[in-house]
Engineer: 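Would you mind keeping the following structure in view while I ask a few things?
Computed from a predicted model, the values in this text were never measured in an experiment.
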Amino acid sequence: MKFNTAVLQSIIVFIISLILANYLSSMLIALILLITLWGFASALEQIPRPNTTVGNLLAVATSFVLFVDVGLSDTVNLFVSMLLVSVALKQLIATSNKHLKIIALVHTFVIASVFLYQQNLMFSLVSLVLITLELTALNMLGQTKNIHLVKSLKLAAVSVISCLPITLLCFLLIPKLPSFWALPGPSTASTGLNETVNPFDIAKLSQSSDLVFRATFNDSPPTTPMYWRAMIHEQYSDRGWTLMEHTASKQIPTTPAEAQALGYEIIAEKSSLPWLYALDYGHSSTSGIINRYDGILARTSNLSQTIKYQAQSSPLFDSVPSLNTWSQTINLSINRLDNNQSQLLAKQLKRQARTDAHFFQMLMDYFASQGFVYTLSPPALRGLNTIDQFMVDSKQGFCGHYASSAAFIFRSAGIPARVVSGYLGGEKVAGGYFNIYQYDAHAWTEVWLAGKGWTIFDATAVVAPDRLLGSLSESDSQRDAFMNNLELSWLSLQHYPMINWLRTNIDQLDFMWTTWVLGYDNSTQASFLQDTLGDISPFTIAITVLGTIGLVFLSYFGLVYWQNRPVYLTPLAKEYQQLQQWAFANATPIEANDLTLKGTTPLKILSLVSEQHPTKGQYIKEFAAIYSSVRYQDKTLSKSQRHHITKLIKTITKK
């Protein structure tokens, strides 16, 4: 295979298309890959490039797919898709070095667009490799005869490595500006949660191993189970449990008591939803975080960014000591015509229960004694009265089934209840933090009990008790079902010790990257500079940084100039070269050829120059005489002769 710039640029677009395959339209990605493969084969001279008509038809076809499949509403995906399509088409018809240079310029934007979707360590390293390949392609473009891939690659690698110290310096010291990926994010992210909980029409729960957030506790982590609350679903309807409007808008900035607060730090991945994660009644004072209704946290903007925030938690009841009439009304609302058998069960238990707390325990006992099963592949329940179908017939389901059914039964018995969704547990990593993945998504019921306040009711505690001890991936009873439902990922291959070791170590590196690089915001930078440089203003720091960078560049160019300076080892060699260059620049092309003939001696050349420029012939002859005596008669160049030679050169080269 003969590598050249066009081949390498096709490989770069091919890699970027594969990276973005999970985020952009599959049809569009397939089309881009086909065009790129065509351009790759054409660059290898295996098949011809398309003519203008075919190229225009391809442009029309890809534009049609782009606007139909991506649409105009998702501007970020539209922007990235247009970049990819345009660069793939340009590579297909590129025939000159000018075209390849334009493609290299567009590639820098395409590579940077990867950070719109992911900013983790792996994507950063891949982007660095792509930049190196792009510089390699440009180096190969500058070679006119024999193209050396390895030599070009080494030169590109040295260039990238040489830039890293300056990059690090700028990163540490330059005042932080909003990153360009803080644009309105692409609408492809998913947290595994939904603002509506209706599990009864799901026949198989797909398990994604995408990371949702990481948690690091200031002190010792709390005991299990850890319920990470994200959303409160209080409105019941045929569609399931949905958010109330006030939940999304009302802000109650209650701060938990310091003595009881549990402090921790969360690094949340991007999401399509604004809701964040906290234990019990959460509160955060981090900028960009809003403390919403009943200890729920949400971000105000930039859903496409990884976000780091500090949070404190206190017990639910201590923060909401009483339930007002309005909350009682909405948390007792059900359709009295639905699910009659479940309502009848509620009335039976209510008649036997001495208190609401007793009812709470009796319903838990009912789930434990009536053959209910926790499964990730429950039968689909359709039509009316799905809660009855679950409670009486199937008795097989996951957390959503139990949370929905329990909340309905509590409300049927006149006990305020609601469904809460978030995550349960988490995988503790050797680095001392917890990873919470999408497959840890969970739903449970919160019940209002006199004297206890909002209390968690989770039937999972009796139908699959080991689920409460940590991550779903650590549940012995659900291991087979979990692995069968899990999508292909590092985790799905964890039974191979080497792969599992690699997975955990890469995760720790990514945690360090996220903490120190993505989490290096203005406040962290200010603290670092204060500790390192003392009380210095940002303006002084900016001037210092710019001056340092300028000094580095001047030193570099000075070193290059000094290394490439002409070295004259014999007398009059410099002056002879000056005279020769002047003669070459002021000669006709034919005369210039005479000056470059091989085997022509310096005295012969000086004679030719004298003939071609008769008005300066006398001066040239004087120079030739001194040159001959010094170079060929082994005489020493005197001081007066050097002054005379300098005047002769000035006179001859003067216009």
Engineer: Do the ring planes of F398 and H401 sit parallel (below 30°), tilted (30 to 60°) or perpendicular (above 60°)?
Structural biologist: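 Rings of F398 and H401: perpendicular, as their planes differ by over 60°.
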Engineer: Is the closest side-chain heavy-atom distance between V60 and F64 below 4.5 Å?
Structural biologist: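 When only atoms from C-beta onward are counted, F64 and V60 do not touch, as no gap falls below 4.5 Å.
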Engineer: Taking the six-membered ring for Trp, are F123 and F115 closer than 6.0 Å centroid to centroid?
Structural biologist: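 F123 vs F115: aromatic centres not under 6.0 Å.
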Engineer: Go through the structure and list residues passing ring-ring contact (aromatic ring centres under 6.0 Å, His included) with Y374, not counting sequence neighbours.
Structural biologist: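 Expected list: none.
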Engineer: With sequence neighbours excluded, what pairs up with E427 under the salt bridge (charged side-chain N to carboxylate O under 4.0 Å, His left out) test?
Structural biologist: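 For E427 the salt bridge (charged side-chain N to carboxylate O under 4.0 Å, His left out) partners, ignoring immediate neighbours, are R503.
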Engineer: Does N505 reach the main-chain N or O of L502 with its side chain, forming a donor-acceptor pair under 3.5 Å?
Structural biologist: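 Such a contact is absent between N505 side chain and L502 backbone.
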Engineer: Less than 6.0 angstrom separating the ring centers of F390 and Y402, yes or no?
Structural biologist: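 Judged by ring-centre distance (under 6.0 Å), F390 and Y402 do meet the cut-off.
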Engineer: Tell me every residue that passes side-chain hydrogen bond (donor to acceptor under 3.5 Å, both in side chains) with Q389, counting only those two or more places apart in sequence or in another chain.
Structural biologist: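 Here no residue qualifies.
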Engineer: Heavy atoms, side chains only, cut-off 4.5 Å: are N435 and F213 in contact?
Structural biologist: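 Result no, sub-4.5 Å side-chain heavy-atom pair not found.
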Engineer: W228 pairs by side-chain contact (heavy atoms from CB on, under 4.5 Å) with which of V212, L276, I266?
Structural biologist: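 Only one option passes, and that is I266.
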Engineer: In chain order, what residues pass the side chain to side chain contact (heavy atoms under 4.5 Å, CB included) check against M512, with sequence neighbours excluded?
Structural biologist: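 If we apply the side chain to side chain contact (heavy atoms under 4.5 Å, CB included) test to M512, skipping adjacent residues, the hits are W516.
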Engineer: Are side-chain heavy atoms of I307 and I267 found at a separation under 4.5 Å?
Structural biologist: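 Heavy-atom side-chain distance check fails, nothing below 4.5 Å.
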Engineer: Taking side chain as C-beta onward, heavy atoms only, is W275 less than 4.5 Å from L243?
Structural biologist: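 In short, these two side chains touch, coming nearer than 4.5 Å.
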Engineer: Taking S405 for its side chain and I387 for its backbone only, find out whether a donor-acceptor pair lies under 3.5 Å.
Structural biologist: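 It does not hold such a pair.
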Engineer: The criterion is salt bridge (charged side-chain N to carboxylate O under 4.0 Å, His left out); which residues satisfy it with D507, sequence neighbours excluded?
Structural biologist: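 D507 satisfies salt bridge (charged side-chain N to carboxylate O under 4.0 Å, His left out) with R214 once adjacent residues are dropped.
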Engineer: Roughly how far apart are L105 CG and T108 OG1, rounded to 0.5 Å?
Structural biologist: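 L105 atom CG to T108 atom OG1 measures 5.0 Å (nearest 0.5 Å).
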Engineer: Check whether more than 12 heavy atoms from other residues, nucleotides or ligands sit under 6.0 Å from atom CD1 of I102, and answer yes or no.
Structural biologist: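 Above 12, so yes.
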Engineer: Are side-chain heavy atoms of L384 and D338 found at a separation under 4.5 Å?
Structural biologist: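 No, their side chains stay 4.5 Å or more apart.
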Engineer: As an exercise, state the distance from CG of N335 to CG of N385, rounded to the nearest 0.5 Å.
Structural biologist: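 Answer for the CG-CG pair, N335 versus N385, is 9.5 Å.
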Engineer: State which residues pass side chain to side chain contact (heavy atoms under 4.5 Å, CB included) with T62; sequence neighbours excluded, sorted by chain then number.
Structural biologist: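 Partners of T62 by the side chain to side chain contact (heavy atoms under 4.5 Å, CB included) criterion, ordered by chain and then number, come out as L31, I35, V85, L89.
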Engineer: If you draw a 6.0 Å radius around CZ in F553, do more than 12 non-hydrogen atoms from other residues or ligands fall strictly inside?
Structural biologist: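 Counting other residues, nucleotides and ligands, CZ of F553 stays at 12 neighbours or fewer.
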Engineer: Kindly say whether L66 contributes a backbone atom to a donor-acceptor pair with the side chain of S81 at under 3.5 angstrom?
Structural biologist: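 Such a contact is absent between S81 side chain and L66 backbone.
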Engineer: What orientation do F408 and Y236 show, parallel under 30°, tilted 30 to 60°, or perpendicular over 60°?
Structural biologist: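 Geometry flag for Y236 against F408: tilted rings.
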Engineer: Ignoring hydrogens and angles, tell me if any N or O in the side chain of N291 forms a donor-acceptor pair with the backbone of S284 under 3.5 Å.
Structural biologist: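 Yes.
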